[in-house]
Peer 1: 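First the structure, then my questions, so here it is.
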Protein chains: 2
Amino acid sequence: MTGTSYLSDRRKAILKAVVEEYILNGQPIGSEELLRKYSLGCSSATIRAELAALEEMEYLSHPHTSAGRIPTEQGYRIYVDHLLVLSPVSFQEEEKISQVLNRQAQDLRNILAEACRLVATISTYTSLALAPQANQQVMRHIHFVPVSAKQALVILVTSLKVIQDQFLEVSAEVSEEDLEYLSHYLSRRLLGKTPWQCLQELPVIREEQPARLVSLLNQLSTVLHNVFLYEQSERLIVEGAENLLLASDFRNSFKQRRLADALDRRFLLQDVLDRHLTSRNLQIFIGQENEVVEMHDLTLLAMPFEASRYAYGALGLLGPMRMDYAKGIRLLACVTGVLERALSQEA
Amino acid sequence: MTGTSYLSDRRKAILKAVVEEYILNGQPIGSEELLRKYSLGCSSATIRAELAALEEMEYLSHPHTSAGRIPTEQGYRIYVDHLLVLSPVSFQEEEKISQVLNRQAQDLRNILAEACRLVATISTYTSLALAPQANQQVMRHIHFVPVSAKQALVILVTSLKVIQDQFLEVSAEVSEEDLEYLSHYLSRRLLGKTPWQCLQELPVIREEQPARLVSLLNQLSTVLHNVFLYEQSERLIVEGAENLLLASDFRNSFKQRRLADALDRRFLLQDVLDRHLTSRNLQIFIGQENEVVEMHDLTLLAMPFEASRYAYGALGLLGPMRMDYAKGIRLLACVTGVLERALSQEA
DNA sequence: GGTTGGCACACTCCAGGTGAGAGTGCCAAC
DNA sequence: GTTGGCACTCTCACCTGGAGTGTGCCAACC
């Protein structure tokens, strides 16, 4: 009872109350208010003693002598690890989200962007979506389409519902039949292979083909690189940055700018998310637990999802440390659930 | 010289100096400072008299008795209409922008998004890009592609470099040959037609086709609607909203929120831009000249561009009234120039 | 021993006051 | 028409005092 690590039930209740009250109102909370709103079965003096003990344990802190208590990062940590009660996702919620996302069969990028926007809107915070890595997909379809005398369109579809289409320049010597022939030929050679394997295969194929098709194959190689580079570098989608930037308890203009810049540096965020995606469970990064310095006073919830076999992406929610964890986690669980079902439909 | 509308050369010089100084520093400017920084050939007392006259004419205003002058909206108006000197766009600039935008032949949406991002980044304000209306394009290509046993991909390409691809569900009865056949058949019937004409044609075509293809044609109709609805509703791209929201001279949190919301209501903005796009020249909306209330203390520069014959889009720059007009206008001119060249390449 | 009411103390926050600084407007002189 | 001089006005930054709030401690109690 007197130790610094063991938490009596009453202390747990008080800690929980402080955290939830602070999440709700964003105001430091004192012993009297706690007494009034929660039936803790003791007087305010006792609560004060307990609050002092919780502060001693570094779960709570004092903005100044005469303000109430607010949770520390460690306080939030105890809260999410031990005190948070998650109610299951309701059918209505899931149904509603499902309807929004499944409006029409789209490609991965659109689905993710849509999901991201949804999470940002509902949570009123910032949402991140990380697409699975490009090398975890195989080529499902490849087709050249004549568009004009000078241009053709190449369309690649992968197992991850990624559609990549790009205009190619075609010299006058290349006929429509050539394009048709190349479509079939490349299909035979490349389908079922990863983009990386395709890239390795291309030089071999180039050898076997007539000279007039070489330029086309070179351009295809660029497109395949794009599947890596572009999709790779643009794997991260961020929505609702303004929600966070305009949040009322975040009025430090310098920090705002820094955060805005950090959210723009997609590479960095992407890299961090990737490295933490080894676990297949929800991950919570509170304050300084975030690698990115600009997020040191924010919380990131990151929920992985399986886009297809062995291909994992993640959906994230970035908000203030005093975000509504229960709601956030439920929202992510709900959306990733819908996402997994939408993506698992054989493409 | 004493009238309220005629501007002597000295008054012009003073007004210009006040506007440019205010654009530069964002601080009200007084007679002494004006004297120090600009060689106006008279004393500060004379300048004060002129400032008073310009205030009388409502080109300048006084935040309070003892502050310097700042331009009124009408002051800015005079400035952009008569006092602003535009230097031509340099080759380096144009070349640099051209390189960024022409990295690879992309579809309209990507090019516009890229251009928009570029303008936002360079200007450090907010950039808008409005794609041409969907009915100003004709179908250039239509193709069904079998992707799996249950799914096909339909690809539409229009004269505006718009690529629309979407997964369709295919019943077991439909063979790959059917898809091939349908691609050719629909090409014959629909190419060269506007999306709207295509939509009208579809019911007719449906009558002529075997029953097992009806579902496919219905889904195609949905896709075509999307060319209208989606492309129509998402014609506006906004980039760099955070630049404006975090701008230091814009610290009213209520207004920030309102502006953020307004920028999210794409329909509204789109509509306004469309209505003003009758002119083919740069348009400048200063403060209350903006229809959208939330922009009443901002300036919008809107530069139309011709995406293809008779199909006009616009590129916009939204910033504070004290934005650098010369730079902004040059930037828009430069980017729309590059854009027109990129899009005019026959798709 | 844990719990309680009482009370002094510490601290913030807001309102009101003060003085420096800046820029004007006016006026008389040129 | 232009100029220097000067009183006036207003903001901004700083300080100050009082109300309010919540704590920490203590002695008394169960």
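Fair warning: this is a prediction, and the values are worked out from it, not measured in the lab. Chain letters run A, B, ... following the sequence lines, proteins first, then strands; residues in each count from 1.
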Peer 1: From the options D:dT23, D:dT2, C:dG25, select the nucleotide whose nearest atom is closest to the side chain of B:Arg10.
Peer 2: D:dT2
Peer 1: Between A:Glu50 (side chain) and A:Arg10 (backbone), is there a donor-acceptor pair under 3.5 Å?
Peer 2: no
Peer 1: Quick one: does any side-chain atom of B:Glu291 pair with a main-chain N or O of B:Val272 as donor and acceptor, under 3.5 Å?
Peer 2: no
Peer 1: Do the ring planes of B:Tyr79 and B:Tyr325 sit parallel (below 30°), tilted (30 to 60°) or perpendicular (above 60°)?
Peer 2: perpendicular
Peer 1: Any side-chain heavy atom of B:His296 within less than 4.5 Å of one from B:Glu289?
Peer 2: no
Peer 1: Side chain of A:Glu55 only, heavy atoms from C-beta on: which candidate in D:dT2, C:dG25, D:dG24 is closest?
Peer 2: D:dG24
Peer 1: For D:dT23, does either OP1 or OP2 sit under 4.0 Å from a side-chain N or O belonging to A:Ser31?
Peer 2: yes
Peer 1: Are side-chain heavy atoms of A:Leu244 and A:Pro320 found at a separation under 4.5 Å?
Peer 2: yes
Peer 1: To the nearest Å, give me how far apart CD1 (B:Ile47) and P (D:dG4) are.
Peer 2: 11 Å
Peer 1: Can you tell me the distance, in whole Å, between the CD atom of B:Glu50 and the P atom of C:dG23?
Peer 2: 19 Å
Peer 1: Any side-chain heavy-atom pair from A:Cys42 and A:Ile47 closer than 4.5 angstrom?
Peer 2: yes
Peer 1: Both atom distances under 3.5 Å, Watson-Crick or G-U wobble: I'd like the secondary structure of DNA chain C as a dot-bracket string, with | for pairs made across strands.
Peer 2: ||||||||||||||||||||||||||||||
Peer 1: Phosphate oxygens OP1/OP2 of C:dG6: is one of them under 4.0 Å from a side-chain N or O of A:Arg48?
Peer 2: no
Peer 1: Let me know the distance between CG of B:Leu60 and P of C:dG23, rounded to the nearest Å.
Peer 2: 15 Å
Peer 1: Give me the distances for all protein-to-nucleotides 13-16 of chain C N/O pairs that come in under 3.5 Å?
Peer 2:
none

Peer 1: Any donor and acceptor pair, going by atom type alone, linking the side chain of A:Gln256 with main-chain N or O of A:Leu245 inside 3.5 Å?
Peer 2: yes
Peer 1: In whole angstrom, what separates B:Leu54's CG from C:dG25's P?
Peer 2: 12 Å
Peer 1: Can you tell me how far P of C:dG23 sits from CD1 of B:Ile14, to the nearest Å?
Peer 2: 16 Å
Peer 1: Quick one: B:His62 NE2 to C:dA22 C1', roughly how many Å, whole number?
Peer 2: 11 Å
Peer 1: Can you measure A:Leu34 atom CG to D:dG22 atom P for me and round it to whole angstrom units?
Peer 2: 11 Å
Peer 1: Taking CD from A:Glu33 and C1' from D:dT23, how many angstroms apart are they, rounded to a whole number?
Peer 2: 15 Å
Peer 1: Near DNA chain D, counting only heavy atoms under 4.0 Å, which residues of residues 65-72 of chain B show up?
Peer 2: B:Thr65, B:Ser66
Peer 1: Within the 4.5 Å heavy-atom criterion, are A:Val18 and A:Ile70 side-chain neighbours or not?
Peer 2: no
Peer 1: Can you see if the side chain of A:Ser43 gets near the phosphate of C:dT3 - specifically, an N or O under 4.0 Å from OP1 or OP2?
Peer 2: no
Peer 1: Which is more 5' along DNA chain D, the nucleotide nearest A:Gly30 or the one nearest B:Pro63? Just name the residue.
Peer 2: B:Pro63
Peer 1: Less than 4.5 Å apart, side chain to side chain, heavy atoms only: is that true for A:Tyr59 and A:Arg77?
Peer 2: no
Peer 1: Is the closest basic N to carboxylate O distance between A:Arg257 and A:Asp261 below 4.0 Å?
Peer 2: yes
Peer 1: Could you check if a side-chain atom of B:Ser127 sits within less than 4.5 angstrom of a side-chain atom of B:Leu318, using non-hydrogen atoms only?
Peer 2: no
Peer 1: Just by modelled atom types, is the B:Tyr22 backbone N or O under 3.5 Å from a matching donor or acceptor in the B:Gln27 side chain?
Peer 2: no
